[in-house]
Structure formats: C-alpha cells, structure tokens
Number of protein chains: 2
Amino acid sequence: MTVDHFDATPLYLQLAAILRRAIDSGELAPRQLVPSESYLMGQHGVSRGTVRHALGILRAEGLIQTFPGRGTFVAGG
Amino acid sequence: MTVDHFDATPLYLQLAAILRRAIDSGELAPRQLVPSESYLMGQHGVSRGTVRHALGILRAEGLIQTFPGRGTFVAGG
DNA sequence: AAATATTTGTACGTATGTATG
DNA sequence: GCATACATACGTACAAATATT
C-alpha cells in the first residue's frame with residue numbers, strides 16, 4: 001500500500017492513514033520498528049518533510065514513539 | 001521579545017513559548033489576530049517552516065485556530 | 001578505540017495551490 | 001485582477017544520537 005499522488009487528499013494524511021491502519025491491524029505490532037524515514041520516502045515517493053509530517057501526527061496520537069539515532073517504534077506493548 | 005539564535009533551544013520551541021506566553025498573559029487576547037507568518041518570519045529572523053512549526057504546536061494545543069486566506073487567531077472567547 | 005554508516009532533529013529555501021479580502 | 005495569507009510539497013544542508021564495522 002502506497003500513497004496516491006493523484007488523489008486530492010494531502011500526501012502526509014494518506015501516509016499517516018496507511019501507517020495507522022498498519023498499526024491498528026497489527027501488521028506493525030507494539031514495540032516493533034517502524035520503517036525509517038528514508039525507507040518511507042523511497043517506498044512512497046515522497047519527500048522527507050512529508051514523511052515527518054505524517055509521523056508527527058501519529059506521534060501526537062500516541063501511536064508511535066521515536067528515538068534519535070535509533071528509529072521509530074510502535075507504542076504500547 | 002524575540003527568538004535567540006545563540007540559545008541552544010530550538011528556534012521553533014522558543015517561538016512557540018513566546019507566543020504561548022503572549023496568549024496566556026492576555027497580550028494576545030481571545031479572537032485576536034495573531035501576527036502573520038510573514039511578519040513572524042521578519043520579526044524573529046527565522047524561516048517560514050520554523051514559524052509554521054511553532055504555530056502547529058500551539059494549534060495542536062488548541063490555543064490558536066487558523067483560517068486560510070484570513071489568518072491565525074487566538075482560540076477561546 | 002576509532003572511523004563509518006544510519007537515523008532522527010533542526011533549519012533553511014523554493015514552488016505551487018487554495019482561500020479570502 | 002491583484003494582494004495577502006495559509007497549505008502542501010519538494011529540495012538541501014548540517015548537527016546529534018546511535019549502531020555498525
């Protein structure tokens with residue numbers, strides 16, 4: 001599942017929704033490492049700013065936690 | 001009151017704190033127009049991204065509301 | 001121990017689109 | 001039509017924390 005550049009929905013919201021679903025469905029389990037910003041950039045063909053915008057939303061929702069130099073992890077567990 | 005570029009505290013956090021204080025103190029009253037992004041850029045000597053980062057925090061805190069083409073306003077009132 | 005690579009954090013600039021006045 | 005103001009999205013650069021070799 002990737003972002004659709006022709007969809008009117010902002011890319012950062014699409015990406016946030018995709019990741020949120022992955023977490024809610026358990027595809028990304030608690031304490032599991034979320035793909036790096038670089039990886040998400042490549043996978044979805046978006047800029048780092050867009051990736052960080054999406055991750056910032058999930059962070060504000062308490063769904064993920066990120067640690068400098070290590071990565072971003074699914075919260076809970 | 002402006003941001004200090006030599007302070008180790010991130011500029012966007014400094015700016016968010018300055019605006020938060022202005023709101024809490026009533027200097028910026030409810031329903032009042034917050035200075036535009038362009039104005040804040042010039043006043044503090046920071047980029048638009050930094051201004052928007054700071055405003056995004058206050059927005060998430062529910063302290064302000066922004067409307068495209070009109071501006072950003074202090075919430076409440 | 002040291003150098004290198006990876007990953008996130010901060011900050012800048014630019015371009016284009018949308019909404020309002 | 002034009003000016004103002006916010007929204008989205010791209011790119012770049014460097015710093016800091018961590019992991020790897």
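Because only heavy atoms are used, hydrogens play no part in the values below, and waters and symmetry mates are left out as well, while side chains stay in.
- Residue B:Thr72 places at least one side-chain N or O under 4.0 Å from the OP1 or OP2 atom of D:dC6.
- Atom CD of A:Gln32 sits in a crowded spot, with more than 12 heavy atoms from other residues, nucleotides or ligands closer than 6.0 Å.
- Residues from residues 9-18 of chain B with heavy atoms under 4.0 angstrom of DNA chain D: there are none.
- The line from CG of A:Leu33 to CZ of A:Arg31 is 12.5 Å long, rounded to the nearest 0.5 Å.
- Taking CD1 of A:Ile18 as the start and CG of A:Leu13 as the end, the distance is 11.0 Å to the nearest 0.5 Å.
- Summarising the geometry, atom OG1 belonging to A:Thr72 is positioned 6.5 Å from atom CD belonging to A:Glu37; distances are rounded to the nearest 0.5 Å.
- Along DNA chain C, the stretch of nucleotides lying under 4.0 Å from any heavy atom of chain A spans, 5' to 3', C:dT7 to C:dT10.
- By the 4.0 Å N-to-carboxylate-O rule, A:Arg20 lies close enough to A:Glu61 to be salt-bridged with it.
- The residue A:Gly49 sits apart from the nucleic acid: no heavy atom pair falls under 4.0 Å.
- We find that CG of A:Asp7 is positioned 14 Å from C1' of D:dT8, with the value rounded to whole Å.
- Note that CG of B:Leu58 and CG of B:Leu15 are 8.0 Å apart. Values are rounded to the nearest 0.5 Å.
- For OH of A:Tyr39, the number of neighbouring non-hydrogen atoms (other residues, nucleotides, ligands) closer than 6.0 Å is 12 at most.
- Shown here, C:dA1 forms no base pair; nothing in the strands shown gives a Watson-Crick or G-U wobble contact with both key distances under 3.5 Å.
- Of all non-hydrogen atoms in A:Ala16 and A:Ala54, the two that sit nearest each other are N-CB, 3.7 Å.
- Taking atom NE2 on A:His5 and atom C1' on D:dT8, their separation rounds to 12 Å, with Å as the unit.
- Put simply, CZ on A:Arg52 is 15 Å from P on D:dC10, counting in whole angstrom units.
- Using a 4.0 Å heavy-atom distance criterion, B:Gly56 is classed as making no nucleic acid contact.
- Scanning atom types as modelled, no donor and acceptor separated by under 3.5 angstrom connect the side chain of B:Arg48 and the base of D:dA5.
- Placement of A:Tyr12 and A:Leu63 in two distinct hydrophobic clusters is found when ILVMFWY residues are connected by side-chain heavy-atom separations under 4.5 Å, directly or transitively.
- Within residues 32-44 of chain B, the residues approached by DNA chain D to less than 4.0 Å at the level of any non-hydrogen atom are B:Ser36, B:Glu37, in residue-number order.
- We find that CG of A:Asp4 is positioned 12 Å from P of D:dA9, with the value rounded to whole Å.
- Within 6.0 Å of CD in A:Gln65 there are 12 or fewer heavy atoms belonging to other residues, nucleotides or ligands.
- The distance between atom CD1 of A:Ile57 and atom P of D:dA7, rounded to the nearest whole Å, is 13 Å.
- Atom CZ of B:Arg52 and atom CD1 of B:Ile57 lie 13.0 Å apart (nearest 0.5 Å).
- Nearest-nucleotide positions on DNA chain D place B:Arg59 closer to the 5' end than the other of B:Arg59 and A:Ser47.
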